[in-house]
Enquirer: 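Before we start, here is the structure in question, set down as C-alpha coordinates.
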Amino acid sequence: MNYHKVQFLTSYGRADQLPPSEKPGGVFAGRSNVGKSSLINRLFQQKGLARVSATPGKTATINFFGTQSLIFADLPGYGYAKVSRGEKLRWAALMEGYFAQDRDIALVLSLMDSRHPPSREDLGMLDFLVDQELPFVVVLTKIDKLSPRQRQERLEAFRRELPFGEELTLLPFSAETGEGREALCEIIDQLEEDILREAAEEGA
(Lines give C-alpha, C1' and ligand atoms only; values in the text may rest on other atoms or scores of the structure.)
Protein backbone atom coordinates (compact mmCIF):
# COMPACT_ATOMS: atom_id res chain seq x y z
CA MET A 1 0.00 0.00 0.00
CA ASN A 2 1.21 3.50 -0.75
CA TYR A 3 1.04 5.03 2.73
CA HIS A 4 1.81 8.51 1.42
CA LYS A 5 -1.52 8.48 -0.45
CA VAL A 6 -3.60 8.00 2.68
CA GLN A 7 -5.74 11.11 3.05
CA PHE A 8 -7.91 12.61 5.75
CA LEU A 9 -11.51 12.19 4.64
CA THR A 10 -13.88 13.58 7.26
CA SER A 11 -14.85 13.54 10.92
CA TYR A 12 -18.10 13.17 12.84
CA GLY A 13 -19.05 14.05 16.40
CA ARG A 14 -22.40 12.23 16.66
CA ALA A 15 -23.41 8.67 15.87
CA ASP A 16 -26.36 9.80 13.73
CA GLN A 17 -23.91 11.62 11.42
CA LEU A 18 -21.92 8.49 10.60
CA PRO A 19 -22.34 7.40 6.97
CA PRO A 20 -22.85 3.76 5.97
CA SER A 21 -19.76 1.64 5.64
CA GLU A 22 -18.63 1.53 2.01
CA LYS A 23 -15.22 -0.14 2.35
CA PRO A 24 -13.57 -2.54 4.75
CA GLY A 25 -11.25 -0.85 7.14
CA GLY A 26 -9.13 -0.59 10.22
CA VAL A 27 -9.82 1.07 13.56
CA PHE A 28 -7.45 2.86 15.95
CA ALA A 29 -8.68 2.64 19.55
CA GLY A 30 -7.11 3.47 22.88
CA ARG A 31 -7.06 5.61 26.00
CA SER A 32 -6.66 9.36 25.84
CA ASN A 33 -3.02 10.36 25.44
CA VAL A 34 -1.93 6.85 24.45
CA GLY A 35 -0.36 8.23 21.28
CA LYS A 36 -2.90 7.41 18.57
CA SER A 37 -2.33 10.57 16.54
CA SER A 38 1.45 10.20 16.75
CA LEU A 39 1.20 6.57 15.66
CA ILE A 40 -1.04 7.47 12.71
CA ASN A 41 1.36 10.17 11.55
CA ARG A 42 4.37 7.87 11.85
CA LEU A 43 2.58 4.92 10.24
CA PHE A 44 1.47 6.92 7.20
CA GLN A 45 4.63 9.08 7.22
CA GLN A 46 2.63 12.29 7.11
CA LYS A 47 3.44 14.63 9.96
CA GLY A 48 0.16 16.53 10.00
CA LEU A 49 -2.31 13.83 8.97
CA ALA A 50 -3.67 13.44 12.51
CA ARG A 51 -3.53 16.34 14.90
CA VAL A 52 -1.34 15.71 17.93
CA SER A 53 -2.45 17.45 21.11
CA ALA A 54 -0.72 17.78 24.47
CA THR A 55 -4.17 17.86 26.07
CA PRO A 56 -5.65 14.40 26.80
CA GLY A 57 -9.18 13.90 25.57
CA LYS A 58 -8.83 16.50 22.82
CA THR A 59 -10.02 14.19 20.03
CA ALA A 60 -13.79 14.22 20.48
CA THR A 61 -14.74 13.01 17.03
CA ILE A 62 -14.28 9.90 14.90
CA ASN A 63 -11.80 10.86 12.21
CA PHE A 64 -11.67 8.91 8.96
CA PHE A 65 -8.64 8.39 6.71
CA GLY A 66 -8.61 6.40 3.52
CA THR A 67 -7.09 4.93 0.40
CA GLN A 68 -8.79 3.45 -2.66
CA SER A 69 -9.29 0.13 -0.91
CA LEU A 70 -9.31 0.84 2.84
CA ILE A 71 -10.84 3.24 5.33
CA PHE A 72 -9.29 3.85 8.76
CA ALA A 73 -11.25 5.21 11.71
CA ASP A 74 -9.53 7.02 14.57
CA LEU A 75 -11.86 6.71 17.55
CA PRO A 76 -11.98 9.24 20.41
CA GLY A 77 -9.66 8.37 23.29
CA TYR A 78 -11.47 6.82 26.22
CA GLY A 79 -10.84 6.98 29.97
CA TYR A 80 -10.03 10.67 30.44
CA ALA A 81 -11.54 11.85 33.72
CA LYS A 82 -11.35 15.64 33.30
CA VAL A 83 -14.28 16.10 30.96
CA SER A 84 -17.93 16.70 31.77
CA ARG A 85 -20.36 13.87 32.27
CA GLY A 86 -22.32 15.03 29.24
CA GLU A 87 -19.20 14.89 27.09
CA LYS A 88 -18.40 11.39 28.32
CA LEU A 89 -21.91 10.27 27.44
CA ARG A 90 -21.59 11.78 23.97
CA TRP A 91 -18.27 9.99 23.42
CA ALA A 92 -19.77 6.72 24.63
CA ALA A 93 -22.79 7.10 22.33
CA LEU A 94 -20.50 7.95 19.41
CA MET A 95 -18.30 4.88 19.88
CA GLU A 96 -21.23 2.57 20.58
CA GLY A 97 -22.99 3.93 17.51
CA TYR A 98 -19.95 3.27 15.37
CA PHE A 99 -19.61 -0.37 16.40
CA ALA A 100 -23.37 -0.98 16.38
CA GLN A 101 -23.64 -0.09 12.71
CA ASP A 102 -23.13 -2.71 10.03
CA ARG A 103 -19.46 -2.04 9.34
CA ASP A 104 -16.85 -4.16 7.64
CA ILE A 105 -14.17 -3.92 10.32
CA ALA A 106 -11.16 -5.84 9.09
CA LEU A 107 -8.78 -5.00 11.93
CA VAL A 108 -8.77 -3.11 15.22
CA LEU A 109 -5.49 -1.70 16.49
CA SER A 110 -5.94 -1.58 20.26
CA LEU A 111 -3.33 0.86 21.57
CA MET A 112 -1.99 0.61 25.12
CA ASP A 113 0.80 2.52 26.86
CA SER A 114 3.66 0.06 27.23
CA ARG A 115 4.82 1.72 30.46
CA HIS A 116 1.71 0.89 32.48
CA PRO A 117 -0.59 -2.06 33.17
CA PRO A 118 -3.77 -2.08 31.06
CA SER A 119 -6.54 0.05 32.52
CA ARG A 120 -10.06 -1.09 33.27
CA GLU A 121 -11.14 0.59 30.03
CA ASP A 122 -8.40 -1.19 28.08
CA LEU A 123 -9.55 -4.54 29.41
CA GLY A 124 -13.16 -3.63 28.67
CA MET A 125 -12.24 -2.83 25.07
CA LEU A 126 -10.50 -6.19 24.65
CA ASP A 127 -13.48 -8.01 26.15
CA PHE A 128 -15.73 -6.21 23.67
CA LEU A 129 -13.51 -7.10 20.70
CA VAL A 130 -13.40 -10.76 21.74
CA ASP A 131 -17.17 -10.88 22.31
CA GLN A 132 -17.80 -9.32 18.89
CA GLU A 133 -15.22 -11.63 17.28
CA LEU A 134 -13.40 -8.68 15.75
CA PRO A 135 -9.79 -9.23 14.64
CA PHE A 136 -7.36 -7.09 16.61
CA VAL A 137 -3.72 -6.46 17.43
CA VAL A 138 -2.50 -4.91 20.68
CA VAL A 139 -0.04 -2.10 19.90
CA LEU A 140 2.16 -1.13 22.84
CA THR A 141 3.01 2.53 22.37
CA LYS A 142 5.87 4.65 23.74
CA ILE A 143 8.17 1.63 23.93
CA ASP A 144 11.17 3.96 23.53
CA LYS A 145 10.48 5.36 27.00
CA LEU A 146 11.52 2.05 28.60
CA SER A 147 14.98 0.72 29.27
CA PRO A 148 15.77 -2.73 27.83
CA ARG A 149 15.13 -4.31 31.23
CA GLN A 150 11.88 -2.42 31.78
CA ARG A 151 10.77 -3.31 28.29
CA GLN A 152 11.26 -7.03 28.87
CA GLU A 153 9.52 -6.85 32.23
CA ARG A 154 6.51 -5.01 30.82
CA LEU A 155 6.15 -7.33 27.82
CA GLU A 156 6.15 -10.32 30.16
CA ALA A 157 3.68 -8.54 32.45
CA PHE A 158 1.28 -7.79 29.59
CA ARG A 159 1.13 -11.51 28.82
CA ARG A 160 -0.15 -12.03 32.37
CA GLU A 161 -2.29 -8.90 32.66
CA LEU A 162 -4.27 -9.27 29.43
CA PRO A 163 -6.91 -11.97 28.96
CA PHE A 164 -5.51 -14.72 26.75
CA GLY A 165 -2.29 -12.73 26.81
CA GLU A 166 -0.14 -15.63 25.61
CA GLU A 167 -2.28 -15.90 22.47
CA LEU A 168 -2.43 -12.22 21.54
CA THR A 169 -0.30 -10.37 19.02
CA LEU A 170 1.60 -7.71 20.99
CA LEU A 171 3.40 -5.16 18.83
CA PRO A 172 5.85 -2.75 20.51
CA PHE A 173 5.75 0.63 18.78
CA SER A 174 7.51 3.97 19.02
CA ALA A 175 6.31 7.04 17.15
CA GLU A 176 9.63 8.67 18.03
CA THR A 177 12.01 6.07 16.60
CA GLY A 178 9.71 4.28 14.17
CA GLU A 179 10.19 0.92 15.88
CA GLY A 180 7.30 -1.36 15.04
CA ARG A 181 6.24 0.54 11.93
CA GLU A 182 7.57 -2.07 9.53
CA ALA A 183 5.80 -4.88 11.37
CA LEU A 184 2.55 -2.91 11.45
CA CYS A 185 2.86 -2.12 7.75
CA GLU A 186 3.26 -5.82 7.00
CA ILE A 187 0.01 -6.55 8.85
CA ILE A 188 -1.86 -3.81 6.99
CA ASP A 189 -0.36 -4.73 3.62
CA GLN A 190 -1.47 -8.33 4.09
CA LEU A 191 -4.90 -7.09 5.09
CA GLU A 192 -5.17 -5.03 1.92
CA GLU A 193 -4.01 -7.97 -0.23
CA ASP A 194 -6.69 -10.20 1.29
CA ILE A 195 -9.38 -7.57 0.73
CA LEU A 196 -8.41 -7.00 -2.89
CA ARG A 197 -8.24 -10.73 -3.56
CA GLU A 198 -11.70 -11.29 -2.08
CA ALA A 199 -13.10 -8.40 -4.14
CA ALA A 200 -11.55 -9.87 -7.30
CA GLU A 201 -13.00 -13.30 -6.55
CA GLU A 202 -16.46 -11.85 -5.96
CA GLY A 203 -16.27 -9.92 -9.22
CA ALA A 204 -15.07 -12.91 -11.23
Side-chain angles (χ1 to χ4, degrees), residues 1 3-4 6 8 26-63 65 72-83 88 91 95 107-130 134-189 191:
M1 184 174 80
Y3 290 81
H4 294 285
V6 173
F8 172 79
V27 177
F28 298 94
R31 284 177 58 84
S32 296
N33 210 31
V34 75
K36 283 194 287 90
S37 296
S38 297
L39 179 144
I40 290 170
N41 289 338
R42 169 65 79 164
L43 174 63
F44 298 125
Q45 296 186 320
Q46 299 182 51
K47 185 174 292 186
L49 185 61
R51 293 182 180 178
V52 179
S53 173
T55 305
K58 189 69 174 179
T59 302
T61 57
I62 295 181
N63 299 321
F65 309 88
F72 298 91
D74 176 19
L75 302 184
Y78 52 77
Y80 186 56
K82 296 181 181 180
V83 294
K88 287 183 180 179
W91 290 4
M95 293 180 68
L107 177 68
V108 177
L109 300 175
S110 182
L111 277 61
M112 299 184 192
D113 191 325
S114 63
R115 301 171 296 177
H116 309 296
S119 67
R120 180 182 62 184
E121 291 87 358
D122 290 329
L123 296 176
M125 174 60 76
L126 289 194
D127 285 341
F128 172 79
L129 297 176
V130 171
L134 293 172
F136 67 90
V137 171
V138 176
V139 182
L140 302 176
T141 63
K142 306 183 182 183
I143 197 69
D144 58 287
K145 306 299 184 184
L146 299 176
S147 68
R149 179 178 178 180
Q150 291 171 327
R151 173 192 179 115
Q152 185 61 33
E153 289 175 348
R154 286 304 307 142
L155 289 175
E156 292 175 357
F158 269 108
R159 294 293 182 188
R160 300 190 302 270
E161 294 161 351
L162 297 175
F164 310 105
E166 293 296 335
E167 303 173 23
L168 300 180
T169 298
L170 303 182
L171 178 61
F173 192 94
S174 168
E176 291 293 326
T177 68
E179 178 183 353
R181 181 183 181 273
E182 184 176 348
L184 189 52
C185 286
E186 290 179 0
I187 292 172
I188 294 175
D189 288 343
L191 177 66

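By convention here, the first residue in the shown sequence is residue 1. Worth saying up front: this structure is predicted, and the values here are computed from it rather than measured.
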Enquirer: Please name the pair of heavy atoms, one in Phe8 and one in Leu49, separated by the smallest distance, quoted to 0.1 Å.
Expert: N-CD1, 3.6 Å
Enquirer: How close do Pro163 and Asp127 get, heavy atom to heavy atom, and via which atoms?
Expert: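 Result for this residue pair: CG-OD1, 4.2 Å.
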Enquirer: Flag the pair Asp113 and Arg31 as a salt bridge only when some basic side-chain nitrogen lies within less than 4.0 angstrom of an acidic carboxylate oxygen.
Expert: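 Result for this pair is no, no salt bridge flagged.
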Enquirer: So does Val34 get a backbone contact from the side chain of Thr141, meaning a donor-acceptor N/O pair under 3.5 Å?
Expert: yes
Enquirer: Would you indicate whether the side-chain heavy atoms of Leu126 and Met112 approach each other to under 4.5 Å?
Expert: yes
Enquirer: With sequence neighbours excluded, give me every side chain to side chain donor-acceptor pair (under 3.5 Å) pair touching residues 156-169.
Expert: Gln152-Glu156, Arg154-Glu161
Enquirer: Can you find a pair of side-chain heavy atoms, one from Leu171 and one from Val138, that are under 4.5 Å apart?
Expert: no
Enquirer: Decide yes or no for Phe28 and Leu43: does some side-chain heavy atom of the first lie under 4.5 Å from some side-chain heavy atom of the second?
Expert: yes
Enquirer: Got Leu146 and Ser114 here, is their nearest side-chain heavy-atom distance under 4.5 Å?
Expert: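 Answer yes - side chains close enough.
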Enquirer: Would you say the side chain of Tyr3 lies within less than 4.5 Å of the side chain of Asp189, judging by non-hydrogen atoms?
Expert: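 Of all side-chain heavy-atom pairs linking Tyr3 with Asp189, at least one is under 4.5 Å.
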Enquirer: Does the pair Ser119 and Asp122 meet the rule for a side-chain hydrogen bond (donor to acceptor under 3.5 Å, both in side chains), with working shown?
Expert: CA-CA 5 Å; Ser119 67; Asp122 290 329; 3.1 Å; yes
Enquirer: What pair of heavy atoms forms the shortest contact from Met125 to Ser110, and how long is it?
Expert: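 The answer is CG-OG, 4.3 Å.
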Enquirer: Roughly how far, to the nearest 0.5 Å, is the CG atom of Leu39 from the CZ atom of Arg181?
Expert: 10.0 Å
Enquirer: Rounded at 0.5 Å granularity, tell me how far CD in Glu186 sits from CD1 in Ile188.
Expert: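 Those atoms lie 11.0 Å apart.
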Enquirer: Looking at every non-hydrogen atom in both residues, tell me the closest pair between Val108 and Ala29 and how far apart they are.
Expert: CG1-CB, 4.5 Å
Enquirer: To the nearest 0.5 Å, how far apart are CZ in Phe158 and NE2 in His116?
Expert: 9.0 Å
Enquirer: Do Leu184 and Leu109 have side chains that get closer than 4.5 Å, going by heavy atoms?
Expert: yes
Enquirer: Please enumerate all residues that pass ring pair (Phe, Tyr, Trp, His ring centres under 6.0 Å) together with Phe173, with sequence neighbours excluded.
Expert: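 Phe173: no ring pair (Phe, Tyr, Trp, His ring centres under 6.0 Å) contacts found.
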Enquirer: Let me confirm one number: the CG-CD1 distance from Asp74 to Ile40, rounded to the nearest 0.5 Å.
Expert: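 Taking CG in Asp74 and CD1 in Ile40, the distance rounds to 3.5 Å.
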Enquirer: Given side chains that start at C-beta, do those of Val27 and Leu134 come closer than 4.5 Å, heavy atoms only?
Expert: no
Enquirer: Using a 4.5 Å cut-off on heavy atoms from C-beta on, say whether the side chain of Glu179 contacts that of Asp144.
Expert: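 No, too far: nothing below the 4.5 Å cut-off.
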Enquirer: Within the distance-only criterion (no hydrogens, no angle test), does the side chain of Lys36 pair as donor or acceptor with the backbone N or O of Leu75 below 3.5 angstrom?
Expert: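 Present.
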Enquirer: Measure the CD1-CD distance between Ile143 and Gln150 for me, rounded to the nearest 0.5 Å.
Expert: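 Spacing of CD1 (Ile143) from CD (Gln150) equals 10.0 Å.
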Enquirer: What is the distance from atom OG of Ser174 to atom CG of Leu140, rounded to the nearest 0.5 Å?
Expert: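 CG of Leu140 is found 12.0 Å from OG of Ser174.
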